[in-house]
Colleague: 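This is the structure I want to talk about, given as structure tokens.
Numbers restart at 1 for each chain; the letters A, B, ... are given by sequence-line order, proteins then strands. Just so we're clear, the structure is a prediction, and the values are computed from it rather than from any experiment. For the numbers below, each heavy atom of this structure counts, side chains included, while hydrogens, waters and symmetry mates do not.
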Number of protein chains: 2
Amino acid sequence: MAGKGRSRASGRPTLEQVAVEANVSRGTASRVVNGSLEVSPYALKAVRDAIRKLGYVPNQAARSLVTQRSDTVLLVVSESEDRVFGEPFFASIVRGLSQELSSTPLQLNLMMASTARQHDRVEQLVRNGHVDGVMLISLHGDDPLPQNLLAAGAPVALIGRPVADGGAVPYVDADNESGARAATEYLYQQGRRRIATITGPRDMAAGLDRLSGYRAALRGKRGVTRLVARGDFGQASGESAMRELLAKDPKLDAVFAASDPMAAGALRALWAAGRRVPDDVAVIGFDDSELARNTNPLLTSVSQPTQRMGRKLAELLITQLRDPDAKLAPVILPTELVRRESA
Amino acid sequence: MAGKGRSRASGRPTLEQVAVEANVSRGTASRVVNGSLEVSPYALKAVRDAIRKLGYVPNQAARSLVTQRSDTVLLVVSESEDRVFGEPFFASIVRGLSQELSSTPLQLNLMMASTARQHDRVEQLVRNGHVDGVMLISLHGDDPLPQNLLAAGAPVALIGRPVADGGAVPYVDADNESGARAATEYLYQQGRRRIATITGPRDMAAGLDRLSGYRAALRGKRGVTRLVARGDFGQASGESAMRELLAKDPKLDAVFAASDPMAAGALRALWAAGRRVPDDVAVIGFDDSELARNTNPLLTSVSQPTQRMGRKLAELLITQLRDPDAKLAPVILPTELVRRESA
DNA sequence: TTGAAAGCGCTAACAT
DNA sequence: ATGTTAGCGCTTTCAA
């Protein structure tokens, strides 16, 4: 025989108690809770009243046990905590994500996972049925995690184009190439003719795409000196790259850095070398991060629609949750050049 | 009759299957999984082998259903996403937290919750049995959430001294007062005699404590000019506070800002006013954040042992999880002055 | 030390 | 439209 209304330690009211209170069966009560339409207005009201009166809240564990779903999605930040939290980029993504999710019953879980061990943990979470789907952000391009997750049968969506793109995993990304092109073109339009760039690492699509944009902007232009130095998106690399660039061409008059920290590093090197910004050398960064509002001079930078990216990311996942066989195309969102003092 | 080994859609092996494979009862299998000692070595091995062979993973929903626990703890960041991710402070906390948690079966959930609605959601999570305990970080001092959570019967631990401390909620904090005092004393020892401070907001203990530290350092010192301007921890407020300070005392030769962004703002204002740092004016910030490594000149700042704070935070919660009646004293960790270029 | 069995609270299939 | 019921996979008495 079933539960006899015995009060439990936890004291939380159960659906059974709601049913009793409302004078209906547990089945009907369940239907009301889950928004089924096949319920008489009368029963509907009775159950709703009972729920309110008792302060009933569904037990998610019990529900998951039978539905085999968790109603939870996971955002994995495949990056060291430092970088994550150092960049408001992520903040904004999360906000968009939350917005989109708030209209669903889906819970959002956040997890940092840069090491292989932590990646295993993510896969476990999926296999455990702890999460119904996974969103990944900022992983280096050759990360096997998305593929593994896919293989485990979990819906997956990414922020950032995977560099070794099998085309299997849907993603959203900013239009890095256009952004870089716009920045470089702007530099050219300002009359700059010795335009350098500081690139990101080779294993990240964002770095690659921004370099392509720089090249595309200058393609076919005559009388322009091009200079490329490699960085790793970090500030120190920007500083040393700038020194290197200055050594190669002391007369360079502009530099497009593929990230704001690198641009900030460049600013330092320029300052140390006695160059005035933007008078002698114009500088543009990428990301329009908090940093861009803290440098001296303030940094002109390419901004990404991060919040929208977050929304789209959620959308991509939700679509798959609804239809596991959905074929989804990448979502590429436009960037915008934000003018400040450095260029 | 119970489950007949019927293969389910999800395909995950169940404890039942493990038991069959190992030729023991489900009860015994369960005991092995949960590390009970009352199991014969023989059965132990058989079950372990079966688990490995089948790739068995416990179903958390089923487990939670019976244990009434979720084995999940929640970290609530009671702050806007921007600030969270803008500060590596949080990153480091999370890392310490994860470390401490990794030796337990506890899952970590992250959640941003600055609005009242989101706070409600946190309480729901607790009532739903979704999480067994909650850690809160960076809430403004008068936040009612911790008390409400406590009332709901959930173990709670905080980062940051609650300003209206009922003494009921255990917390860990950096020794803000000592840190501020050390910074101010350092300024004094360098021969500075017109020492200003830019404070944080009134409703946050960190701001209050840092101001006390500044005052304590100068207490009883003769021939020292003291100046106080109010900020809100943000960079813009630091910049305008600095201007204000400069107007009040054009000859001031040092400033201690209660946050790095405010110090960065001060740097800008100083630069705009034609002051050299540190030659004319020495500047010290607080937090030793990423920003401190990106300003020009690099920022001398008070660093907090954030990672340790994270570990302690987890410890505080775990202790309560084990013993709900545990009475825990606040944990205050020491700070350290990191010298760079600005002072 | 082990097995048997009673539920944990819920959804969904089936019957009415 | 509603009630009944069979489990979801697990832990934990209770007996043996």
Side-chain angles (χ1 to χ4, degrees), chain A residues 1-47 51 54 56-71 105 127-130, chain B residues 1-47 51 54 56-71 105 127-130:
Chain A
M1 55 228 65
K4 308 201 277 297
R6 225 178 356 99
S7 89
R8 300 216 45 274
S10 88
R12 276 214 281 152
T14 70
L15 190 57
E16 177 71 28
Q17 291 170 34
V18 170
V20 169
E21 176 75 27
N23 257 308
V24 297
S25 75
R26 196 169 66 230
T28 298
S30 174
R31 280 169 205 123
V32 172
V33 170
N34 293 290
S36 162
L37 301 172
E38 340 252 288
V39 180
S40 72
Y42 183 78
L44 188 74
K45 181 179 181 342
V47 173
I51 288 177
L54 267 37
Y56 169 78
V57 184
N59 180 317
Q60 184 60 42
R63 180 178 274 169
S64 288
L65 186 54
V66 39
T67 59
Q68 309 281 329
R69 287 181 289 102
S70 65
D71 285 330
R127 292 187 209 281
N128 284 11
H130 251 302
Chain B
M1 56 230 65
K4 307 201 276 299
R6 219 173 6 91
S7 89
R8 299 218 46 273
S10 88
R12 276 213 284 151
T14 70
L15 190 57
E16 177 71 26
Q17 291 170 35
V18 170
V20 168
E21 176 74 26
N23 256 308
V24 298
S25 74
R26 196 169 64 227
T28 298
S30 174
R31 279 167 205 127
V32 172
V33 171
N34 293 289
S36 161
L37 302 171
E38 341 254 288
V39 180
S40 71
Y42 183 80
L44 188 73
K45 183 180 180 344
V47 173
I51 288 176
L54 267 39
Y56 168 79
V57 185
N59 179 316
Q60 184 60 41
R63 180 177 274 171
S64 288
L65 186 53
V66 39
T67 60
Q68 309 281 328
R69 287 183 289 104
S70 65
D71 285 329
R127 292 186 210 282
N128 284 12
H130 250 302

Colleague: Determine the minimum heavy-atom distance between R12(A) and P58(A), stating which atoms define it.
Modeller: NH1-O, 3.7 Å
Colleague: Can you work out whether L65(A) or R69(A) has the more 5'-proximal nearest nucleotide on DNA chain C?
Modeller: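 That would be L65(A).
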Colleague: Minimum heavy-atom separation for Y56(B) to L15(B), with atom names?
Modeller: CE1-N, 3.4 Å
Colleague: Return the value, rounded to whole Å, for the distance between atom CG of L15(A) and atom P of dT11(C).
Modeller: 6 Å
Colleague: Within less than 4.0 Å of OP1 or OP2 of dT1(C), is there a side-chain N or O belonging to T28(B)?
Modeller: no
Colleague: How far does OG1 of T28(B) sit from CG of N23(B), to the nearest 0.5 angstrom?
Modeller: 11.5 Å
Colleague: Should R63(B) and V33(B) be marked as a side-chain contact (heavy atoms from CB on, under 4.5 Å) after you check the CA-CA gap, both sets of side-chain angles, and the distance that decides it?
Modeller: CA-CA 11 Å; R63(B) 180 177 274 171; V33(B) 171; 3.4 Å; yes
Colleague: I want to confirm an ordering. Mapping A29(A) and A62(B) to their closest nucleotides on DNA chain D, which one lands closer to the 5' end?
Modeller: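 The residue whose closest nucleotide sits nearer the 5' end is A29(A).
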Colleague: Taking only N and O in the side chain of T67(A), is any of them less than 4.0 Å away from OP1 or OP2 of dT11(C)?
Modeller: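 Answer is no, no contact under 4.0 Å.
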Colleague: Between dT4(D) and R26(A), counting only base atoms on the nucleotide and side-chain atoms on the residue, is there a donor-acceptor pair under 3.5 Å?
Modeller: no
Colleague: Please work out if A61(B) contacts a base, only the sugar-phosphate, or nothing of the nucleic acid, heavy-atom cut-off 4.0 Å.
Modeller: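 Result for A61(B) = nothing.
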Colleague: Donor-acceptor pair under 3.5 Å: do we get one between R63(B)'s side chain and the base of dT12(D)?
Modeller: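 No, no donor-acceptor pair under 3.5 Å.
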Colleague: Does S25(A) place a side-chain N or O at less than 4.0 Å from the phosphate oxygens OP1/OP2 of dG3(D)?
Modeller: yes
Colleague: S40(A) side chain: which of dC8(C), dT2(D), dG3(C) is closest?
Modeller: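 Shortest atom-to-atom distance from the side chain points to dT2(D).
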Colleague: Would you mind reading off the distance between Q68(A) atom CD and dC10(C) atom P, rounded to a whole angstrom?
Modeller: 17 Å
Colleague: Which is true for Y56(A) with a 4.0 Å heavy-atom rule: it touches a base, it touches only sugar-phosphate, or it touches nothing?
Modeller: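 Sugar-phosphate contact only - Y56(A) comes under 4.0 Å of backbone atoms but never of a base.
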Colleague: Rounded to whole Å, how long is the line connecting atom CD of E16(B) with atom P of dA6(C)?
Modeller: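 Whole-Å distance recorded here is 15 Å.
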Colleague: With heavy atoms under 4.0 Å as the rule, sort V24(B) into base, sugar-phosphate or nothing.
Modeller: sugar-phosphate
Colleague: Go through H130(B) and V57(A) one step at a time and tell me if the side-chain contact (heavy atoms from CB on, under 4.5 Å) criterion holds.
Modeller: CA-CA 11 Å; H130(B) 250 302; V57(A) 184; over 6 Å; no
Colleague: In whole Å, what is the span from the CZ atom of R31(B) to the P atom of dC10(D)?
Modeller: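 R31(B) atom CZ is separated from dC10(D) atom P by 15 Å.
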Colleague: Round to the nearest Å and state the distance from N59(A) atom CG to dT11(C) atom C1'.
Modeller: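 Result: 13 Å.
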Colleague: Whole angstroms only, please: what is the CG-P distance between D71(A) and dC10(C)?
Modeller: 14 Å
Colleague: Is any side-chain N or O of N34(B) closer than 4.0 Å to OP1 or OP2 of dT11(D)?
Modeller: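 Indeed, a polar side-chain atom of N34(B) lies that close.
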Colleague: May I have the distance from N23(A) (atom CG) to dA1(D) (atom C1'), rounded to whole angstrom?
Modeller: 16 Å
